[in-house]
2 protein chains.
Amino acid sequence: MSDTSHRRERLRERTLTEIKDLARAQLVAGGPAAISLRAIAREMGMTAAALYRYVPALDALVIELCTDLHNEVRIACEAARDADGDPDPVRRLLVMARELRRWALAHRPEATLMFGPPLPGVEQFHQQCDDLQCAGAQLGQIFVQPMLELWQAGRLPDIGHVDLDRLAGALPAHGELPIEVTAVFLTSWTRLYGILAAELFGQLTWAATDTQPLFEAELAFFAAQVHPTPTAAAASVRNS
Amino acid sequence: MSDTSHRRERLRERTLTEIKDLARAQLVAGGPAAISLRAIAREMGMTAAALYRYVPALDALVIELCTDLHNEVRIACEAARDADGDPDPVRRLLVMARELRRWALAHRPEATLMFGPPLPGVEQFHQQCDDLQCAGAQLGQIFVQPMLELWQAGRLPDIGHVDLDRLAGALPAHGELPIEVTAVFLTSWTRLYGILAAELFGQLTWAATDTQPLFEAELAFFAAQVHPTPTAAAASVRNS
DNA sequence: CGCGAAAGTAAACACCGTTCACTCAAATGA
DNA sequence: TCATTTGAGTGAACGGTGTTTACTTTCGCG
């Protein structure tokens, strides 16, 4: 009973992955706005209405795709980190950040969907705060974790001029992180995000065409700010 | 002859501003994707086809709206700067940056349109590099200018770890700026942009709900990096 | 084999951008 | 002043979108 039922489910899941694959293909081909249920159905030789057996609405499909992408880039960063092998937190951060940028520029439409503004109304926005940002938070966590290690080792950079009291009042409930780690993470993350998003969205095409020097400079700046451990780990600033 | 013709032109221009006003109202109400020619025409008691006497296409209308918004925020920043009156370049930069953030958060849909990814295809993207980024560049220029003054006064912050050679190879032709100024500008601009865009796009709702401490920290950090002039101007770090 | 649930279809509704042929009024020139 | 040209606006159509509803078909399970 469950055997054939499983076959059913597998078929269903296969159809759903086909839907998501086609959605991604459309995303790659024409950007986030080009994702269309009718076009997916057309390509699958089906009616658009049939897709509603698998997806409650277009928004949900886009959100799910967005979640998958967050996981994909997180796994890519983790893989790059593990492939490098260096246990030094700073080195791990640099490797992951570079992989994040590499992935984003190699998958611009996907990155635009992930890091750009949420598409339609406000519902999806809140959804992003709960469901998707779960994946988004997981992506952030792999950067938070090495910073936490740095903090535990007393190597965390000084939080420049951040008003910790006010920042502490603006944190979500689930934050069990030391406020210093949060401050350093947010500062570094938004700096990298700014360079990446600005390039992705063509915000500074009038000022520069290659943001790699800026990105590397932020990485080097961060690394230089980390308090050196007496033993080694000062040579990890070097590029890969 | 030209008298009546002028009246005609005024009427035409009045209609065009009405179109753009309604487009902006839709933008405010429902985000960039909610801008619709048919809805504008409906609200004006006209046919959608009639709008094509005033606007070549929806994309062009959005681009023009975007240009207007860039000018509007630039003028707002200039006004804040002039209202403050302090001639110190650092002080002017801080005032303008704060006004930029205040405006963006007070006009989130408009800011999303301006600072988010370009909506449809790639054509608009290039248009943004030429026509719109003309307005975008002007917005950037009011921040470049005080930095240029700082450079002339020998007070420009040290460009952290930016690879100036590589950066110099990635600049558009129209750049007659000293490379150090460009480097400092791009670094500071992308840092502020990152905080602003991240908040606008809900990218770190899982990590923080108020980015004001981060923004102020970046400003303070920049101000602290400026080489002090022998006379005064070190007290201008204070908030307004 | 027959039943029932799941999958898929067809049609409709309400939108959207855009184009084309057409009307109508107003400004222009002789 | 009168005919003409120009511009604004209309109506209909084409092709596209998301979504819902009622209906049909298919297929696994008892």
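Per chain, numbering begins at 1; letters A, B, ... match sequence-line order.
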Rounded off to whole Å, could you give me the [atom1]-to-[atom2] distance for the [X] and [N] pair?
{"X": "B:R42", "N": "C:dG17", "atom1": "CZ", "atom2": "C1'", "result": "13 Å"}
{"X": "B:I40", "N": "D:dG9", "atom1": "CD1", "atom2": "P", "result": "14 Å"}
{"X": "B:L58", "N": "C:dC16", "atom1": "CG", "atom2": "P", "result": "11 Å"}
{"X": "B:R14", "N": "D:dA8", "atom1": "CZ", "atom2": "P", "result": "13 Å"}
{"X": "B:L37", "N": "C:dT18", "atom1": "CG", "atom2": "P", "result": "6 Å"}
{"X": "A:R10", "N": "D:dC27", "atom1": "CZ", "atom2": "C1'", "result": "16 Å"}
{"X": "B:Y52", "N": "C:dT19", "atom1": "OH", "atom2": "C1'", "result": "9 Å"}
{"X": "B:E13", "N": "D:dG7", "atom1": "CD", "atom2": "C1'", "result": "17 Å"}

Any carboxylate oxygen within less than 4.0 angstrom of a Lys/Arg side-chain nitrogen, looking at [X] and [Y]?
{"X": "A:K20", "Y": "A:E13", "answer": "no"}
{"X": "A:E218", "Y": "B:R191", "answer": "yes"}
{"X": "B:E72", "Y": "B:R24", "answer": "yes"}

Does a donor on one side chain sit under 3.5 Å from an acceptor on the other, for A:T15 and A:R53?
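On atom types as modelled, these side chains do not qualify, holding no pair under 3.5 Å.
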Is the terminal nitrogen or CZ of A:R38 (NZ for Lys, CZ for Arg) located under 6.0 angstrom from the six-membered ring centre of A:Y52 and within 45° of that ring's axis?
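Here A:R38 fails the 6.0 Å and 45° test against A:Y52.
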Does A:R102 make a cation-pi contact with A:F215 (under 6.0 Å, within 45 degrees of the axis)?
no
To the nearest 0.5 Å, what is the distance between CG (A:L65) and CD1 (A:I19)?
12.0 Å
Take B:Y193 and B:W189 through the test ring pair (Phe, Tyr, Trp, His ring centres under 6.0 Å) and record every step on the way to the result.
CA-CA 6 Å; B:Y193 173 81; B:W189 180 260; 7.4 Å; no
Aromatic ring proximity, centroids under 6.0 angstrom, A:F115 and A:W103
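So the answer is no for these two rings.
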Which of residues 16-27 of chain A sit near DNA chain C, with a heavy atom under 4.0 Å from it?
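Contacts with DNA chain C under 4.0 Å: none.
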Compare side-chain N and O positions of A:S36 against OP1 and OP2 of D:dG16 and report whether any pair is under 4.0 Å apart.
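No, no such contact exists.
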Between the base of C:dG17 and the side chain of B:R38, is there a donor-acceptor distance below 3.5 Å?
yes
What nitrogen or oxygen pairs link the protein and nucleotides 3-10 of chain C at under 3.5 Å?
{"from": "C:dA7", "atom 1": "OP1", "to": "A:R12", "atom 2": "NH1", "distance (Å)": "3.1"}
{"from": "C:dA7", "atom 1": "OP2", "to": "A:R12", "atom 2": "NH1", "distance (Å)": "3.0"}
{"from": "C:dG8", "atom 1": "OP2", "to": "A:Y54", "atom 2": "OH", "distance (Å)": "2.6"}
{"from": "C:dG8", "atom 1": "N7", "to": "A:R53", "atom 2": "NE", "distance (Å)": "3.0"}
{"from": "C:dG8", "atom 1": "N7", "to": "A:R53", "atom 2": "NH2", "distance (Å)": "3.4"}
{"from": "C:dG8", "atom 1": "O6", "to": "A:R53", "atom 2": "NH2", "distance (Å)": "2.2"}
{"from": "C:dT9", "atom 1": "OP2", "to": "A:T47", "atom 2": "N", "distance (Å)": "2.8"}
{"from": "C:dT9", "atom 1": "OP2", "to": "A:T47", "atom 2": "OG1", "distance (Å)": "3.1"}
{"from": "C:dT9", "atom 1": "O5'", "to": "A:T47", "atom 2": "OG1", "distance (Å)": "3.3"}

